[in-house]
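In what follows, a structure is listed as structure tokens, so that the remarks can point back to it.
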Amino acid sequence: MDCRIVTIPGDGIGPEIVREACKVLDRVAQVYEHSFHYKEVLMGGCSIDAYGVPLTEEALETARQSDAVLLGAVGGNVGNSRWYDVAPNLRPEAGLLAIRKGLNLFANIRPAYLYKELAKACPLKKEIIGDGFDMVIMRELTGGLYFGERHTEEVDGVLQATDTLTYNENEIRRIAVKAFDIARKRRKSVISVDKANVLDSSRLWRKVVEAVAEDYPDVKLEHMLVDNCAMQLVMNPGQFDVVLTENMFGDILSDEASMITGSIGMLSSASLNESRFGMYEPSHGSAPDIAGKDLANPIATILSAAMMLRYSFDLDKEADAVEKAVQRVLTEGYRTADIMSEGCTRVGTARMGDLIAERI
Ligand code: NAD
């Protein structure tokens, strides 16, 4: 298969971790006889330095012309960087919002998986962890409360703020279809999370999700109220496969789910549009405190590249191979500094990339 990948290394540890993910992709290409063609573009602080803006129209257009985007991270030391002495729409992170919007990435997928080798870092009790957990949070990314009309006004001398939560049935349907498609590639279970006992938008959400479910008789659908879901995530995380939810609930629940895995350097993510196109990036930021020191854990980015193989290129076997290689390296006791524990072998960013690539 021939694939055009736009890479956006970004700032801080971004270039180091994207380099390792490309190393692993190159190994996949060699073993499984694919051709991955890379084009690099600037975004974030490095783009501000070069062009005065965090994302140029040319960079966005190059991303649009590709089959998928692999992003490192953008941003610098917020309290101590020239990139932040400007209006918010000119700061590095504005590039991120602009590219998500420009590419119409409405579906955000964040897996939360507990490696048994890292179970000690999980803040939950052993009896709750049980055999571990393996879920994805599917969050709607471009609608709901964060994009609704808002204003602050003074009413009878009292300040009053209003935010509006709006979803139409098309926005709900397209994310639900994505969630059911992904569930088909996994354990065939969707838990749709809403607040249908209170909110109209949630009642519409439930109705549309139920209609979509009729096209997927092989996938089990359950509904869960968001407050219950927040509790269930820390009481019985093993019950979740695909969690489907709207923007704000997903924002909160995906952070909760990632916390219980115990390590930010391991968490991948994908944002997809209506076609197979997607942008793949680690869940963490640019970690300026450890940039350029060969200390960054590249696994989140490598696992994001595995998601790219699975969701944008339909290369499930190759994605499995990357995920298994990560698992093997951990089982063999190799660790970057952030996940180091007694008795393990500490390695740097580049060596971790080599070890994973060698095991494919
Ligand atoms: P961060 O995720 O960059 O770092 C938080 C902590 O985790 C730091 O101690 C860091 O060293 C560590 N860490 C993060 N990734 C790691 C990895 N792969 N390996 C080892 N340790 C790792 O969050 P922050 O410090 O709040 O933000 C730093 C910058 O990143 C800011 O400018 C912020 O705006 C930006 N940011 C960017 C994105 C993105 O590009 N998607 C996301 C979040 C934050």
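Numbering of ligands and ligand atoms starts at 1, following listing order.
- Among Ile264, Ile290, Leu96, the residue whose heavy atom sits closest to atom 39 (C) of ligand 1 is Leu96.
- Lys185 NZ: more than 12 foreign heavy atoms inside a 6.0 Å radius.
- Between Gly72 and ligand 1, no pair of N/O atoms sits closer than 3.5 Å.
- For a threshold of 3.5 Å applied to N or O pairs, the pair formed by Asn77 and ligand 1 contains no separation below that value.
- The atoms of ligand 1 that sit less than 4.0 Å from any heavy atom of Tyr84 are 32 (O).
- Ring geometry, Phe36 versus His34: the interplanar angle falls under 30°, so the pair is classed parallel (tilted spans 30 to 60°).
- Atoms of ligand 1 lying under 4.0 Å from any heavy atom of Glu93, numbered from 1 in the order shown and given with element: 31 (C), 32 (O), 33 (C), 34 (O), 35 (C).
- Contact annotation: for Thr336 versus ligand 1, there are no heavy atoms closer than 4.0 Å.
- Between the choices Ile13, Asp289, Thr349, the shortest heavy-atom distance to atom 8 (C) of ligand 1 belongs to Asp289.
- In this view, Phe313 satisfies the ring-ring contact (aromatic ring centres under 6.0 Å, His included) rule with no residue, not counting sequence neighbours.
- Regarding atom 42 (C) of ligand 1, its nearest protein heavy-atom neighbour is Gly285 CA, 3.6 Å.
- Under the 4.0 Å distance rule, the nearest protein heavy atom to atom 5 (C) of ligand 1 falls outside the cut-off.
- Counted within 6.0 Å of CZ on Arg203, heavy atoms from surrounding residues, nucleotides or ligands total more than 12; the atom is thus considered enclosed.
- Taking every non-hydrogen atom of Val78 and a distance limit under 4.0 Å, the qualifying atoms of ligand 1 come out as 31 (C), 32 (O).
- Atom CE of Met224 and atom CG of Leu253 lie 10.5 Å apart (nearest 0.5 Å).
- Summary of contacts: the protein heavy atom closest to atom 31 (C) of ligand 1 is Gly76 O, 3.4 Å.
- Heavy atoms of other residues, nucleotides or ligands lying less than 6.0 angstrom from CD of Glu127 number more than 12.
- In this structure, the protein non-hydrogen atom closest to atom 19 (N) of ligand 1 is Asn297 N, 2.9 Å.
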Using the rule given for side chain to side chain contact (heavy atoms under 4.5 Å, CB included), can you reason through Leu303 versus Val326, listing the C-alpha separation, both sets of side-chain angles and the distance that settles it, and then say yes or no? CA-CA 8 Å; Leu303 291 173; Val326 169; 3.9 Å; yes
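- Contacts with ligand 1 closer than 4.0 Å are made by side-chain heavy atoms of Asp338 only, the backbone lying farther away.
- Residue Glu149 places its CD atom among 12 or fewer non-hydrogen atoms of other residues, nucleotides or ligands, all under 6.0 Å distant.
- No more than 12 heavy atoms of other residues, nucleotides or ligands sit less than 6.0 Å from atom CE of Met259.
- Close approach to Glu281 involves these atoms of ligand 1, each under 4.0 Å from a residue heavy atom: 41 (N).
- Between Val74 and ligand 1, an N or O atom pair is found at a separation short of 3.5 Å.
- Residue Trp83 does not touch ligand 1, judged by heavy-atom distances below 4.0 Å.
- For atom 24 (P) of ligand 1, the protein comes within 4.0 Å by no heavy atom at all.
- The hydrophobic cluster containing Phe106 also contains Val208, counting ILVMFWY residues as joined when their side-chain heavy atoms lie under 4.5 angstrom apart, directly or transitively.
- Within a 6.0 Å sphere centred on CG of Asp289, other residues, nucleotides and ligands contribute more than 12 heavy atoms.
- Between the choices Ala287, Ala73, Ala291, the shortest heavy-atom distance to atom 13 (N) of ligand 1 belongs to Ala287.
- Going from atom CZ of Arg110 over to atom OG of Ser258 covers 4.5 Å, rounded to the nearest 0.5 Å.
- Counting heavy atoms closer than 4.0 Å to ligand 1, residue Leu71 contributes nothing at all.
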Let's go through Ile109 and Ile182 carefully: what are the C-alpha distance in whole Å and the side-chain angles of both, what is the deciding distance for side chain to side chain contact (heavy atoms under 4.5 Å, CB included) to 0.1 Å, and is it a yes or a no? CA-CA 10 Å; Ile109 315 174; Ile182 283 169; 3.1 Å; yes
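- Of the candidates Ala300, Ala296, Gly75, Ser286, it is Ser286 that places a heavy atom closest to atom 29 (C) of ligand 1.
- The closest protein non-hydrogen atom to atom 28 (C) of ligand 1 is Pro288 CD, 3.6 Å.
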